Asks: 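Before I ask anything, here is the structure I am working with.
Only this structure's heavy atoms are used, side chains among them; waters, hydrogens and symmetry mates stay out. Just so you know, residue 1 is the first one in the sequence shown, and it goes up from there. As the structure is a prediction and not an experimental result, all values here were calculated from the model.
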Amino acid sequence: QVQLVESGGGLVQAGGSLRLSCAASGRTFSSLAMGWFRQAPGKEREFVVAISRSGGNTYYTDSMKGRCTISRDNAKNTVYLQMNSLKPEDTAVYYCAANEYTAALRVGIMSYEYDYWGRGTQVTVSS
């Protein structure tokens with residue numbers, strides 16, 4: 001079983017930045033591909049970004065390209081999501097997800113590709 005705990009959410013003005021963190025436990029972190037998803041009120045959960053277990057491959061949703069960066073520190077069992085130039089439409093609960101893959105460069109971009117989820121952290125961007 002993998003436990004994921006997100007942190008770093010909060011209220012920020014449009015144009016501001018936030019760094020989300022997700023701490024993992026219960027498995028060897030380097031065996032886990034990681035992803036971030038978000039869910040705005042009244043909307044479906046959507047993919048934001050993913051990183052392979054090796055860190056050598058990343059994939060961003062188009063709306064976040066150039067505005068966010070995913071990274072991981074395998075020594076700290078933590079994945080980070082740095083978000084810049086935030087917009088009110090980025091307001092959502094952000095969820096960290098994980099799954100074990102054999103392939104070092106595999107990433108998942110669909111919810112069903114992840115077995116483990118955190119409880120989420122709220123990001124609110126004011127205009």
Side-chain angles (χ1 to χ4, degrees):
Q1 194 74 4
V2 175
Q3 292 79 43
L4 302 172
V5 179
E6 302 97 334
S7 61
L11 173 64
V12 64
Q13 289 189 329
S17 298
L18 281 175
R19 189 176 82 154
L20 307 184
S21 300
C22 173
S25 61
R27 285 284 192 277
T28 302
F29 187 64
S30 60
S31 71
L32 300 173
M34 306 295 294
W36 287 95
F37 290 73
R38 66 185 181 185
Q39 188 166 18
K43 294 189 176 181
E44 297 287 320
R45 187 174 298 187
E46 65 175 2
F47 169 78
V48 178
V49 61
I51 188 167
S52 62
R53 66 179 184 86
S54 70
N57 190 22
T58 57
Y59 191 89
Y60 294 82
T61 191
D62 286 345
S63 65
M64 295 299 284
K65 282 180 182 176
R67 298 195 297 122
C68 75
T69 303
I70 189 171
S71 61
R72 63 188 295 155
D73 186 337
N74 285 355
K76 295 183 177 180
N77 295 344
T78 301
V79 63
Y80 304 97
L81 178 60
Q82 176 68 43
M83 300 188 293
N84 304 315
S85 302
L86 284 163
K87 305 174 181 179
E89 51 264 43
D90 295 320
T91 295
V93 178
Y94 283 71
Y95 296 92
C96 175
N99 203 13
E100 290 183 283
Y101 291 132
T102 300
L105 296 178
R106 181 176 175 181
V107 295
I109 64 172
M110 304 297 289
S111 297
Y112 63 76
E113 295 182 272
Y114 292 91
D115 288 337
Y116 307 105
W117 293 82
R119 293 189 174 186
T121 185
Q122 176 70 48
V123 171
T124 302
V125 184
S126 63
S127 57

Asks: Treating Arg67 as the side-chain partner and Ser85 as the backbone partner, does any N or O pair qualify as donor plus acceptor under 3.5 Å?
Replies: yes

Asks: Return the minimal non-hydrogen interatomic distance between Leu105 and Ser54, and the atom names on each side.
Replies: CD2-OG, 3.5 Å

Asks: Looking only at non-hydrogen atoms, find the nearest pair between Ala40 and Ala92 and report the distance.
Replies: N-CB, 3.8 Å

Asks: Output all residues satisfying side chain to side chain donor-acceptor pair (under 3.5 Å) with Thr124, sequence neighbours left out; order by chain, then residue number.
Replies: Gln122

Asks: Are any of the side-chain heavy atoms of Met83 and Val123 separated by less than 4.5 Å?
Replies: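 The answer is yes, as the side chains (C-beta and beyond) meet within the 4.5 Å cut-off.
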
Asks: With sequence neighbours excluded, tell me which residues meet side chain to side chain donor-acceptor pair (under 3.5 Å) with Thr58.
Replies: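 Here no residue qualifies.
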
Asks: Could you name each residue pair satisfying disulfide (SG to SG under 2.5 Å) that touches residues 34-83, not counting sequence neighbours?
Replies: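 Every pair satisfying disulfide (SG to SG under 2.5 Å) with a residue in residues 34-83: there are none.
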
Asks: Looking at CE of Met34 and OG of Ser52, how far apart are the two atoms once the value is rounded to the nearest 0.5 Å?
Replies: 12.0 Å

Asks: Within this structure, what is the OG1-CG distance for the pair Thr78 and Asp73, rounded to the nearest 0.5 Å?
Replies: 6.5 Å

Asks: With a 4.5 Å limit on heavy-atom distance, are the side chains of Phe29 and Lys76 in contact?
Replies: no

Asks: Does Trp36 share a hydrophobic cluster with Tyr80, counting links as ILVMFWY side-chain heavy atoms below 4.5 Å and allowing steps through other members?
Replies: no

Asks: May I ask you to decide if Gln82's main-chain N or O and Thr69's side chain share a donor-acceptor pair within less than 3.5 Å?
Replies: no

Asks: With a 4.0 Å cut-off on N to O distance, would you call Glu6 and Arg119 a salt bridge?
Replies: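 Judged by the 4.0 Å cut-off on N to carboxylate O distance, Glu6 and Arg119 do not form a salt bridge.
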
Asks: Can you measure from OH (Tyr116) to CG (Asn99) and round to the nearest 0.5 angstrom?
Replies: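 One gets 7.0 Å once the value is rounded to the nearest 0.5 Å.
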
Asks: Sequence neighbours excluded, which residues qualify as side chain to side chain donor-acceptor pair (under 3.5 Å) partners of Arg27?
Replies: Glu100

Asks: Please round to the nearest 0.5 Å and tell me the distance separating atom OG1 of Thr121 and atom CG of Leu18.
Replies: 8.5 Å

Asks: Just to verify, what does Lys65 make a salt bridge (Lys or Arg N to Asp or Glu O under 4.0 Å) with, not counting sequence neighbours?
Replies: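 Only Asp62 meet the salt bridge (Lys or Arg N to Asp or Glu O under 4.0 Å) criterion with Lys65.
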
Asks: To the closest 0.5 Å, what do you measure between NZ (Lys87) and OG (Ser127)?
Replies: 14.0 Å

Asks: Side-chain heavy atoms under 4.5 Å apart, restricted to Ile/Leu/Val/Met/Phe/Trp/Tyr: what other residues fall into the cluster of Phe37, or is it alone?
Replies: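 Once heavy-atom contacts under 4.5 Å are chained together, Phe37 belongs with Phe47, Tyr59, Val93, Tyr95, Val107, Ile109, Met110, Tyr112, Tyr114, Trp117.
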
Asks: State, to 0.1 Å, how close Cys96 and Val79 come at their nearest heavy-atom pair, and which atoms those are.
Replies: SG-CG1, 4.0 Å

Asks: What's the spacing between Ile51 CD1 and Asn57 CG if we round to 0.5 Å?
Replies: 8.5 Å

Asks: Under the 6.0 Å and 45° cation-pi test, does Arg53 pair with Tyr101?
Replies: no

